[in-house]
There are 2 protein chains.
Amino acid sequence: MPRAPRPTEKLLEVARSGSKMGRRQQFSTATKRALVDVAEEHFAGQGYAATSLDSIVAGAQVTKGALYHHFHGKQALFEAVFERVEQEACGRITEALRTREDPWDAAMDGLRAFLTVVQDPTYQRVVIQDGPAVLGYERFREQERRSTFALMQDIVRATLDSSTYDLDGAMVETFSRIFYGALSAAGESVTSADDPVLAVARIEVAVGLILDGLRVLSDQGVTPRVPST
Amino acid sequence: MPRAPRPTEKLLEVARSGSKMGRRQQFSTATKRALVDVAEEHFAGQGYAATSLDSIVAGAQVTKGALYHHFHGKQALFEAVFERVEQEACGRITEALRTREDPWDAAMDGLRAFLTVVQDPTYQRVVIQDGPAVLGYERFREQERRSTFALMQDIVRATLDSSTYDLDGAMVETFSRIFYGALSAAGESVTSADDPVLAVARIEVAVGLILDGLRVLSDQGVTPRVPST
DNA sequence: GGGAGTACATACCGTTGGTACGTACTCACA
DNA sequence: TGTGAGTACGTACCAACGGTATGTACTCCC
């Protein structure tokens, strides 16, 4: 079985950035990256189920041997794509988070960034739509917990800590879950809205009202009965 | 191609309840029902992707010919299961909703029922985990909109109408989306909690606090600027 | 410079969703 | 009462896809 020649120039060109690697490893990481790139494109475009490995390896100009050398299977490849998409989302939110001083204002900024991320078609398809089904609940939760959800938890913790509420970690997590779910659902609805800008404005009003309510209660010195074991 | 005899007693026994049908139709609906029953069991137990049509038809003691006579394919069968699960969930929530008088109290009751439903493993797997990926976003949203989400919208509308807020339909929908997402996420987190009862209690405290905040703002006569076109 | 391990390519397999086609049965209508 | 049309399946088969087994060229280190 003779081996077919492959085009090398482009691969090398891409690979030559990370300098301290042998040519071998440079090629390797280049093909791996190409696979993830093409996979992300296909997974985001047509979804996980409708994407065949054949189309991916064809797009990356490699064979299934290469794919299965780098990944355990289709799911592992998806997971790599998933992680990258999540990571980029985290980066965007984190960036938008470093401006305001007042925690409640910063929270609103973070929420806005979160809303923007959730509207990204790739994020929607890969993370929200296919993520839970493909990774399974456990892995999905785990991935979520150490990326965007972690950010949400930071935001919530910062705002709640500035209030008079005396909430333990579990309650912070509960509040984070609630806001995380709320903004995910709200953000997704923006995509199918007739006027996305208006939809975002409405969401900001609603969330702002909720936050204001919590702040007023805090100013009144209200302290919820936190259940414990 | 001779035809293998099939057991008839059980089918007839099941089918004989809806009286005004020919024997033919009784058998037909019985097999269809059997298919959906077995499909629900498998889809809920192992998920959509891991369930083969062969295992379903074997469980229902029919063949693929029968399946494809009643459904267009695997997805259509899943949709039938999905609808049934959603419908039962709606029934449960609706039932729990007819007790209190004060809209804010009724909301908390509906919330509790919603939390219970979302914890049901079948509901989780079929509706939340596999639903979006299998049906696709459009169909999923459509199904959602006329079932559990519709209920949520009723609850939200009832409570907001009793407040001083002057919110149009779009804002009601926005609030509904927010609470729907919040409770979905919160409810799902209950399942993986160490102490589910405690987790539910925490969620009720958190949501209660949010609702209280909104009520206090309403009592203060606060009216949000509702964006319009 | 040669042996070991890497980074793939090629060929093949089992399963699965879906289809084509055949047949037994029922029921309206003559 | 029988007969033709339509229903409700059963059987056999196919194409596509995920995954595997195996072979080979290339690199790198001793």
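Each chain gets a letter, A, B and so on, in the order the sequences are listed, and its residues count up from 1.
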Show me the side-chain donor-acceptor pairs of residues 124-131 of chain A shorter than 3.5 Å, one per line, residues at least two apart or across chains.
| residue | atom | partner | partner atom | Å |
| --- | --- | --- | --- | --- |
| A/Q124 | NE2 | A/V118 | O | 3.4 |
| A/Q124 | NE2 | A/T191 | OG1 | 2.7 |
| A/Q129 | NE2 | B/P132 | O | 3.3 |
| A/D130 | OD2 | A/Y48 | N | 2.9 |

(request) Keeping to residues at least two apart or across chains, list the side chain to side chain donor-acceptor pair (under 3.5 Å) pairs with something in residues 167-178 of chain A. (result)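 Listed once each, the pairs are A/R145-A/E173.
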Take atom [atom1] of [X] and atom [atom2] of [N], then tell me their distance rounded to the nearest Å.
{"X": "A/I56", "N": "D/dG18", "atom1": "CD1", "atom2": "P", "result": "8 Å"}
{"X": "A/K64", "N": "D/dC17", "atom1": "NZ", "atom2": "P", "result": "9 Å"}
{"X": "B/K32", "N": "D/dT7", "atom1": "NZ", "atom2": "C1'", "result": "14 Å"}
{"X": "A/F27", "N": "D/dC28", "atom1": "CZ", "atom2": "P", "result": "10 Å"}

(request) Return the set of residues passing side-chain hydrogen bond (donor to acceptor under 3.5 Å, both in side chains) with B/Y123 (not counting sequence neighbours), or none when no residue passes. (result)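 For B/Y123 the side-chain hydrogen bond (donor to acceptor under 3.5 Å, both in side chains) partners, ignoring immediate neighbours, are B/E86.
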(message) Quick check on C/dC8: is either OP1 or OP2 less than 4.0 Å from any side-chain nitrogen or oxygen of A/T31?
(response)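 So the side chain of A/T31 is within the cut-off, an N or O lying under 4.0 Å from OP1 or OP2 of C/dC8.
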(message) For DNA chain D, which residues of residues 43-55 of chain A approach it to below 4.0 angstrom with any heavy atom?
(response)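 DNA chain D contact set from residues 43-55 of chain A: A/T51, A/S52, A/L53.
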(request) Give me the residues of residues 66-85 of chain A where at least one heavy atom lies under 4.0 Å from an atom of DNA chain D, by number, or none. (result)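 Under 4.0 Å from DNA chain D: A/Y68, A/G73, A/K74.
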(message) Going by the rule salt bridge (Lys or Arg N to Asp or Glu O under 4.0 Å), which residues pair with A/R92 if we only count those two or more places apart in sequence or in a different chain?
(response)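 Here the qualifying residues are A/E88, A/D120.
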(message) Among residues at least two apart in sequence or on other chains, which ones pass salt bridge (Lys or Arg N to Asp or Glu O under 4.0 Å) with B/D37?
(response)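 B/D37 satisfies salt bridge (Lys or Arg N to Asp or Glu O under 4.0 Å) with B/R33, B/R84 once adjacent residues are dropped.
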(message) Applying side-chain contact (heavy atoms from CB on, under 4.5 Å), can you list everything that pairs with B/S192, at least two apart in sequence or on another chain?
(response)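 So B/S192 forms no side-chain contact (heavy atoms from CB on, under 4.5 Å) with any residue.
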(message) Quick one, A/F114 and A/L151 - any side-chain contact, counting heavy atoms below 4.5 Å?
(response)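 They are not in side-chain contact.
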(request) Indicate, with a heavy-atom threshold strictly under 4.0 Å, whether A/S28 touches base, sugar-phosphate, or nothing. (result)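 If one applies the 4.0 Å heavy-atom cut-off, A/S28 turns out to touch the sugar-phosphate alone, with no base involved.
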Contacts under 3.5 angstrom, residues 135-143 of chain A side chains, donor-acceptor by atom type, not counting sequence neighbours:
| residue | atom | partner | partner atom | Å |
| --- | --- | --- | --- | --- |
| A/Y137 | OH | B/E188 | OE1 | 2.7 |
| A/R139 | NE | A/E79 | OE1 | 3.3 |
| A/R139 | NE | A/E79 | OE2 | 3.1 |
| A/R139 | NH2 | A/E79 | OE2 | 2.6 |
| A/R141 | NH1 | A/E144 | OE1 | 2.9 |
| A/R141 | NH2 | B/E188 | OE1 | 3.1 |
| A/Q143 | NE2 | A/E79 | OE2 | 3.3 |
| A/Q143 | NE2 | A/E83 | OE2 | 3.3 |

